[in-house]
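One structure below.
One is the number of the first residue; the rest follow in order along the sequence. This one's a predicted model, so the numbers in the text were calculated from it and none came from an experiment.
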Amino acid sequence: MEEKTIQIAGSITVDELATALGLSVTDLIGTLFKNGIVATINQRLDYETASIIIDELGIKKVKLERKNTSTKTSDYHRELSNKAVSRPPVVAVMGHVDHGKTTLLDTLLHKKTVDDEAGGITQHISAYQLKHEDRLITFLDTPGHEAFAAIRQHGAMLTDIVIIVVAADDGVKPQTIEAINFAKSANAKIIVAINKIDREGADIPRTMADLSNNGLQPEEWGGDIIMVPISAKMNQNLDKLLDMILLTADIEELKADVEIPAEGLVIESHMEVGKGSVVNLLVTGGELKTGEFIVAGSSYGKVRTMLDWQGKPKGKATPSTPVTITGFKELPNFGDRFIEVKDEKTARKMALLNAQAAADESASANVTSSDLLRMMNVADNSKVFNVIIKGDVLGSVTSVVDSLKMIDTHGEINLNIVSTGVGDINENDVYMAADENTIIYGFNVSVPINISKMAARDGVKIRTYQVIYELLDDAKSEMENLLDAEIVEEDKGELKVLGVFRTEKTSIIAGGEVLKGDAKPNYLVRVVRDKKYLGEAEVTSVQKEKMDVKELVAGETGGLALKTSKKIDLQINDRLKFFTRETKKRKL
C-alpha cells in the first residue's frame with residue numbers, strides 16, 4: 001500500500017479528516033471522545049492535533065503535509081512593482097537580558113531609557129530612527145526577558161536585520177540562542193554586536209567561538225556573519241556597526257512601493273485619557289497621511305494625529321517609518337496588518353468582515369494540539385486557576401498570557417483566563433473576579449481607590465506589577481497553593497519489643513532494645529510482626545532506667561509509652577519501626 005498524503009491548510013474538520021483517512025465519522029469522534037474531547041462533525045482540528053489522533057488510531061502509511069495558505073501578518077509579503085524605491089532598513093536589537101541592548105540604543109540615540117524601565121528591562125517594543133551618513137535607519141528595541149518571547153518574535157517578523165547583542169564577558173546565553181532562532185525563522189540578516197569589550201574578563205575570541213558553536217560563523221573565520229566588537233557604554237565602534245548595517249541594507253537592496261495605499265503593522269496599542277486609542281505603527285508600503293482611513297483586523301479609524309518617534313507632529317510617513325497615531329475606534333491587535341482605504345464606509349465594511357471571519361473561526365471551536373494534550377494528561381480532579389489580566393498595552397497582555405501558559409503544572413492545574421483587557425482595573429473586572437473566585441493581575445496599570453475598596457469588600461485579590469517576572473512568580477506561587485501537599489515520611493529507627501507492661505484501648509506501655517537509629521517522643525510507629533503490619537501509634541514518652549529521657553539510641557534499652565487510635569495486641573519480639581511524617585508544600 002502506497003503512503004497517502006493529506007494536506008492541511010491551517011486546520012481540517014473532523015468530517016474532512018475522517019473522509020481522508022477512510023474512516024467513519026463516528027469512529028473518529030469516538031477516538032476524540034476517549035481522549036477527552038467532545039467533538040462535532042464540523043469541529044476543526046489543527047495540524048498537530050490531527051497528527052496526534054492518527055498516532056492514537058495507529059494508522060500507518062499516512063503522511064500529513066502543511067498546505068501554506070496563510071494570510072497571517074508574519075507571512076504577508078507584497079510583490080514589488082518596478083516603481084519600488086529604496087527604503088531604510090528596519091533593525092531589531094535582540095539578545096540576552098543585561099547584555100546591553102537598550103544601552104546600545106540609548107548611546108546611538110543620545111537618550112536615556114534604562115532607568116525608566118521597571119527593573120532595567122525593556123517591557124515593550126519601542127521604535128526609533130536615526131541618521132547615519134545622511135541615511136535613515138529604523139531601530140526596534142525588543143524586550144529581553146524570556147517572558148516577552150511573544151513580543152520579541154513579532155519584533156523579528158517586522159525586521160530586515162537583527163543585531164544580536166552578546167556580552168564579551170558573559171557569552172552566549174539561552175535568550176541569545178532564542179534570538180538567533182527568531183532571526184533565522186524571520187529570514188532576517190544577522191549582525192552580531194559583541195558588547196562590553198571594555199570590561200575586565202571580556203574575551204572576544206571566546207565569544208566568537210561560542211557563537212560559531214551556535215550556528216553563527218564569523219566572516220573572519222570564513223563564515224558569513226558580520227561581528228563587530230563594541231562598547232555601548234563607552235561609545236566605541238558604534239559608527240562601524242552603523243556602517244555594517246547600511247552595507248547589509250545595500251546588499252539586500254531593500255525597497256518598497258510608495259504609489260500604493262499605505263500599509264504596515266501594528267507595533268503596539270493602548271488607551272490614553274483624552275486621546276482614546278493610541279497606536280504605534282510601522283509603515284511598510286505607501287505613504288500614510290493624517291486624515292486617511294485605515295483598517296487593522298476588526299478595528300478601523302481615521303488618522304487624527306500622527307507623531308514621529310520623538311513625539312513631534314508628522315504629516316506623512318513613508319516605508320520603514322514608525323509613527324504613533326490616534327483615531328482608531330477600537331484598539332487594533334498587536335501584530336495586525338493595517339491598510340489604507342478610500343473612505344469610512346469601506347473601512348467600516350472591511351472591519352466588519354474581518355470581525356465576522358474572526359467570529360466564525362472562533363465559533364468553529366478549533367481544537368489545538370495543546371488542548372488535546374492537556375485533555376489527555378489532566379486528571380479529573382485537577383484544580384482550576386482563574387485569572388483576569390489587565391495591561392497597559394496589548395503586547396504586554398499577550399506576553400503575560402503566553403508566559404502564564406508556559407508555566408508547567410504537570411497536568412494538575414488548569415489555567416483559566418477569565419478575561420483580558422487594556423487599561424486600569426475597573427468595576428467590571430471586580431464583578432467578574434468575584435463570581436469566578438479569580439485573581440486580577442495588573443501589569444503597568446493602576447487600581448483606582450474606589451475599585452480597591454470594592455475589591456476588598458468583595459474579597460477579590462488584585463495584584464499589580466511593573467516587572468513581568470515578579471507577576472509570574474506570584475502566579476506560580478498561587479498555583480502551588482492549589483497543589484495537594486506532598487506527604488514526606490522519613491525512617492528514624494527500629495526497636496525490638498522485650499516486654500509488654502500494659503495494653504489498653506488507646507495506649508500501650510512496653511520496653512525493648514533499639515536495634516538501629518533512635519526512639520524519641522512524637523515519633524510515629526508502625527507495629528510489625530513477622531513482616532505483617534499490625535497498626536500505627538505515636539510515641540508519647542521515652543524512659544531509661546525509669547527516668548524520662550529525650551531519646552534512646554541504637555544499643556540502648558528502655559521503656560516507651562505509645563498512643564494508638566485503636567487497640568493493638570502488642571507481643572514480645574514484635575518490631576516497632578519509628579518514622580516521621582510531614583506535609584510539604586509542593587513546588588512547580
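Rounded to the nearest 0.5 angstrom, Met479 CE and Lys587 NZ are separated by 14.5 Å. Taking CD1 of Ile225 as the start and CD1 of Ile164 as the end, the distance is 8.0 Å to the nearest 0.5 Å.
Looking only at distances, a side-chain donor or acceptor of Asn214 sits under 3.5 Å from a matching main-chain atom of Asp210. Under a 3.5 Å cut-off, the side chain of Ser477 and the backbone N or O of Asp473 do not form any donor-acceptor pair. The backbone N or O of Ala561 sits less than 3.5 Å from a side-chain atom of Thr540, completing a donor-acceptor pair. A donor-acceptor pair is defined here as one N or O able to donate and one able to accept, closer than 3.5 Å; such a pair exists between the side chain of Asn426 and the backbone of Asn428. At least one donor-acceptor pair under 3.5 Å links the side chain of Asp424 to the backbone N or O of Ser446. Between the side chain of Ser452 and the backbone N or O of Ile449, no donor-acceptor pair lies under 3.5 Å.
Paired with Val527 under the rule side chain to side chain contact (heavy atoms under 4.5 Å, CB included), one option of Ile568, Val497, Ile508 passes, and it is Ile568. Glu536 pairs with exactly one of Lys577, Lys566, Arg581 by the salt bridge (charged side-chain N to carboxylate O under 4.0 Å, His left out) rule, that one being Arg581. When Val400, Asn416, Ile417, Val401 are each tested for a side chain to side chain contact (heavy atoms under 4.5 Å, CB included) with Val387, only one passes: Ile417. When Lys476, Lys585, Arg586 are each tested for a side-chain hydrogen bond (donor to acceptor under 3.5 Å, both in side chains) with Asn481, only one passes: Lys585.
In this structure, the side chains of Val165 and Thr103 stay at 4.5 Å or more apart for every pair of heavy atoms. Put simply, the side chain of Ile407 does not reach to within 4.5 Å of the side chain of Leu415, judged on heavy atoms.
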Worksheet item: Passes side-chain contact (heavy atoms from CB on, under 4.5 Å), Val553 versus Val514? Steps please.
Response: CA-CA 6 Å; Val553 297; Val514 179; 5.9 Å; no
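Annotation for Ser541 and Pro521: closest pair CA-CG, 4.4 Å, computed over non-hydrogen atoms. Closest approach of Gly391 and Val445 over heavy atoms only: C-CG1, 3.4 Å. Of all non-hydrogen atoms in Gly100 and Lys196, the two that sit nearest each other are N-CE, 4.4 Å. The shortest non-hydrogen separation linking Ile194 to Ala168 is CG2-CB, 3.7 Å. Nearest heavy atom pair, residue Thr564 against residue Ala537, reads CG2-CB, 3.6 Å. Annotation for Trp221 and Ser212: closest pair CZ3-CB, 4.1 Å, computed over non-hydrogen atoms.
In summary, Arg502 and Glu504 engage in a salt bridge, as defined by a charged side-chain N under 4.0 Å from a carboxylate O. Asp429 and Lys390 are joined by a salt bridge, as a carboxylate oxygen and a charged side-chain nitrogen come within less than 4.0 angstrom of each other.
When only modelled atom types and interatomic distance are considered, Gln571 and Asn573 share no side-chain donor-acceptor pair under 3.5 Å.
Geometrically, Arg526 engages Phe579 in a cation-pi contact defined by less than 6.0 Å to the ring centre and at most 45° from the axis.
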